[in-house]
Amino acid sequence: MPLRALICWFRNDLRLGDNLALIEACGAAACVLPVYCHDPAADAPTRWGFVRRGPHRRAFLAAALDDLDAQLRARGSRLLQLRGEPAEVLPALARAIGADTVVCEEIAAPEEQDAVAALRAAGLTVRTVWQSSLLDPAALPFAVARLPKVFTDFRRAVEAAGQQPPAPLAAPAVLPPLPAPVVLPPHSLFEPLRMGDRALARASFPWWQPAFAGGERAALAHLARYFAGDLAKHYKATRNGLSGVDFSSKFSPWLAQGALSPRVAFAALRRHEAEQGASEGSYWLWFELLWRDYFRFLHLQHGRRLYRARGLNAAAPPPPHDPAAFAAWCAGRTGHAFIDAGMRELAATGWLSNRMRQVVASYLIHDLGCDWRAGAAWFEAQLVDYDVYSNQGNWLYIAGRGTDPRGGRRFDPDRQ
Ligand code: FAD
């Protein structure tokens, strides 16, 4: 028998299409209240001395929430945005609407899991739904506990098994009504960011332009634009570019906020291949999306052990740290022109190419002798596409504290 009312808690799944948590919520109750929580922790300073979420991601998120709200309204519902820790605001809200159940996306990272545990401790029933990977972890050719230590072995096993991602799920045409009584704020809780910096004009991901704004509709339009031409065909040759819009797909900011489901992106890739032919470039997009999955599955396998200073490498010494060198790195004032260019680009625009991320991360760890966790925290604050799994996984990989037995990765900045 369906519940009278429940809360559908949006997290990193700010979309209606291919959203199993939303579909389950709609099927489980007569009334559904869609909610997003602005946790003040995101805007509070970390142990490294800066906030967790800088202005670029804040603005990109605000656009996604506006888009989600508009799409919900078009289907007879709305998004309630609350400021506060989920464990404080959601139980109170549930009481106000006579509900005791929350449905949400599962996020296999420690703080996100703690948030769910706190809701349960507060007496709520929380149903979590895994939905952020391309492949279904339950259908992998091995148990997640036996995930190969090296990415190439993982990819080969998946490809040998012929594993394909499930088809994306359609967005619900209509949403259940809101439970009464709820007072909904008229607009997003964020102030729009005023842009005045000329450096932004040449950014590789110009998120303040409507075509690159946060949210599902901009994501789908970008996907269609990307696959309409021959960018995917040349992707393998261009993907290590450093600046410009088209050298890589630029899917990651929308994937990170969940405005774009990886299965929707993959379905578009397959359609493109059916229409224009498969190519080395189109294969490489699948390859890179598998990296994204790999870091997710690594979290399912190792959980919070990935967040220790030594990571998974029991033999690794505690990471050294040099606060002055770290501050210079963040500010783009190390004295190495190439590194400084990258770090200034990151702070000014919220974006950095994959190759440049590798180079500056390597420089911080292997040349400046700083703690990899400080670098990961700075990326978290700055990147418009910050994703807990991909960020942690890539930093661990470069630091040599992940699963890869070949040790850390040093990029020679002069050669680069
Ligand atoms: P494309 O080159 O077009 O690739 C297509 C998609 O494949 C990307 O959107 C992404 O989802 C996935 N992908 C590509 N490379 C990687 C990779 N190395 N790891 C995981 N997924 C990948 N990516 C994030 O999304 N969020 C992060 O917070 C993040 N932090 C990073 C930190 C470091 C130190 C490094 C080296 C890489 C990080 N990456 C992160 C991975 C990668 O740099 C970005 O995904 C990529 O640059 C995004 O641009 P794109 O969408 O144009 O990628």
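We count ligands from 1, going down the list as the structure has it; atoms in each ligand are counted the same way. Remember, it's a predicted structure, so these values are computed and weren't measured experimentally.
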S.K.: Just to be sure I'm reading this right: ignoring hydrogens, which of N354, L289, D293, L255 gets closest to atom 47 (O) of ligand 1? Compare them by their nearest heavy atoms.
M.R.: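 Among N354, L289, D293, L255, the closest heavy atom to atom 47 (O) of ligand 1 comes from N354.
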S.K.: Indicate whether any N or O donor in one side chain lies under 3.5 Å from an N or O acceptor in the other, for D293 and S133.
M.R.: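 The criterion, which ignores hydrogens and geometry beyond distance, is not satisfied for S133 and D293.
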S.K.: Which of the numbered atoms in ligand 1 are under 4.0 angstrom from any heavy atom belonging to F379?
M.R.: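 By the 4.0 Å cutoff, the relevant atoms are 32 (C), 33 (C), 34 (C).
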S.K.: Do the rings of H299 and Y389 sit parallel, tilted or perpendicular, given the 30° and 60° boundaries?
M.R.: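 Rings of H299 and Y389: perpendicular, as their planes differ by over 60°.
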S.K.: Using a strict 4.0 Å cut-off to heavy atoms of Y386, name the atoms of ligand 1 that fall inside it.
M.R.: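 In order of number, 28 (O).
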S.K.: To which protein heavy atom is atom 34 (C) of ligand 1 closest, and what is the distance rounded to 0.1 Å?
M.R.: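 Looking only at protein heavy atoms, the one closest to atom 34 (C) of ligand 1 is W395 NE1, 3.5 Å.
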S.K.: Out of E105, R296, R292, E106, which residue meets the side chain to side chain donor-acceptor pair (under 3.5 Å) rule with S132?
M.R.: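 Of the listed options, the one satisfying the test is R296.
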S.K.: What protein heavy atom lies closest to atom 14 (C) of ligand 1? Include the residue and the distance to one decimal.
M.R.: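 Ranking protein heavy atoms by distance from atom 14 (C) of ligand 1, first comes E288 OE1, 3.4 Å.
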S.K.: Does the plane of the ring in W378 sit parallel, tilted or perpendicular to the ring in F50? Use 30° and 60° as the thresholds.
M.R.: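 Perpendicular, since the angle between the ring planes exceeds 60°.
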S.K.: Using a 4.0 Å heavy-atom threshold (strictly under), name the region of R239 that reaches ligand 1: side chain, backbone, both or neither.
M.R.: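 Under 4.0 Å from ligand 1, R239 contributes no heavy atoms.
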S.K.: Taking 4.0 angstrom as the limit and counting only heavy atoms of R292, give me the atoms of ligand 1 inside it, by number and element.
M.R.: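 Atoms satisfying the 4.0 Å criterion: 11 (O), 20 (C), 21 (N).
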S.K.: Tell me which one of S249, G393, A256, P253 gets a heavy atom nearest to atom 5 (C) of ligand 1.
M.R.: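 Going through S249, G393, A256, P253 one by one, S249 has the nearest heavy atom to atom 5 (C) of ligand 1.
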S.K.: N391 versus ligand 1: do any nitrogen or oxygen atoms come within less than 3.5 Å of each other?
M.R.: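 By distance alone, the answer is yes.
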S.K.: How far is atom 38 (C) of ligand 1 from its nearest protein heavy atom, and which residue and atom is that?
M.R.: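 Checked against all protein heavy atoms, atom 38 (C) of ligand 1 sits closest to N394 ND2, 3.5 Å.
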S.K.: How far is atom 40 (C) of ligand 1 from its nearest protein heavy atom, and which residue and atom name does that atom have?
M.R.: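 Checked against all protein heavy atoms, atom 40 (C) of ligand 1 sits closest to R357 NH1, 3.3 Å.
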S.K.: Classify the ring geometry of F154 against F151: parallel below 30°, tilted from 30° to 60°, perpendicular beyond 60°.
M.R.: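 Tilted: the ring planes of F154 and F151 meet at 30° to 60°.
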S.K.: Only one of R52, R11, R304 passes salt bridge (Lys or Arg N to Asp or Glu O under 4.0 Å) with E111; say which it is.
M.R.: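 Passing option: R52.
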S.K.: With a 4.0 Å cut-off on heavy atoms, is Y235 touching ligand 1?
M.R.: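 Heavy atoms of Y235 do come under 4.0 Å of ligand 1.
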S.K.: Side chain, backbone, both or neither: which part of Y294 has a heavy atom under 4.0 Å from ligand 1?
M.R.: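 It is neither part, as no heavy atom is under 4.0 Å.
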S.K.: Should R271 and E275 be marked as a salt bridge (Lys or Arg N to Asp or Glu O under 4.0 Å) after you check the CA-CA gap, both sets of side-chain angles, and the distance that decides it?
M.R.: CA-CA 6 Å; R271 274 198 304 279; E275 287 161 13; 5.4 Å; no
S.K.: Give the residue and atom name of whichever protein heavy atom lies nearest to atom 26 (N) of ligand 1, and the separation in Å to one decimal.
M.R.: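 Nearest neighbour among protein heavy atoms for atom 26 (N) of ligand 1, to 0.1 Å: D385 O, 2.8 Å.
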S.K.: W351 versus ligand 1: do any nitrogen or oxygen atoms come within less than 3.5 Å of each other?
M.R.: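 Among all N and O atoms of W351, none is under 3.5 Å from an N or O of ligand 1.
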S.K.: Among S390, A376, S252, which one has a heavy atom closest to atom 10 (C) of ligand 1?
M.R.: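 Among S390, A376, S252, the closest heavy atom to atom 10 (C) of ligand 1 belongs to S252.
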S.K.: Can you pull out the closest protein heavy atom to atom 28 (O) of ligand 1? Residue, atom name and distance to 0.1 Å, please.
M.R.: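 Minimum-distance protein heavy atom for atom 28 (O) of ligand 1 reads D387 N, 3.0 Å.
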S.K.: Hey, mind stepping through R344 and R333 against side chain to side chain contact (heavy atoms under 4.5 Å, CB included) and telling me if it holds?
M.R.: CA-CA 9 Å; R344 291 179 197 187; R333 298 195 181 283; 3.7 Å; yes
S.K.: Between R239 and E288, does any NZ, NE, NH1 or NH2 come within less than 4.0 Å of an OD or OE carboxylate oxygen?
M.R.: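 Judged by the 4.0 Å cut-off on N to carboxylate O distance, E288 and R239 do form a salt bridge.
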S.K.: Please list every donor-acceptor pair under 3.5 Å in which a side-chain atom of residues 315-324 meets a protein atom from a residue at least two apart or in another chain.
M.R.:
| residue | atom | partner | partner atom | Å |
| --- | --- | --- | --- | --- |
| H321 | ND1 | D371 | N | 3.0 |
| D322 | OD1 | A324 | N | 3.1 |
| D322 | OD1 | A325 | N | 3.1 |

S.K.: Taking a cutoff of less than 4.0 Å between a non-hydrogen atom of the residue and any ligand atom, is K250 in contact with ligand 1?
M.R.: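 Yes, K250 has a heavy atom closer than 4.0 Å to ligand 1.
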S.K.: Is L285 close to ligand 1, meaning an N/O of one under 3.5 Å from an N/O of the other?
M.R.: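 No, L285 has no N/O under 3.5 Å of an N/O on ligand 1.
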S.K.: Scan for side-chain hydrogen bond (donor to acceptor under 3.5 Å, both in side chains) pairs involving residues 252-269, sequence neighbours excluded, and state none if there are none.
M.R.: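 Applying side-chain hydrogen bond (donor to acceptor under 3.5 Å, both in side chains) to every pair that reaches into residues 252-269, excluding sequence neighbours, yields D18-S261, S252-D385.
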S.K.: Indicate yes or no: does D69 engage R73 in a salt bridge with an N to O separation below 4.0 Å.
M.R.: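 Looking at R73 together with D69, the answer is yes, because their closest N to O distance falls below 4.0 Å.
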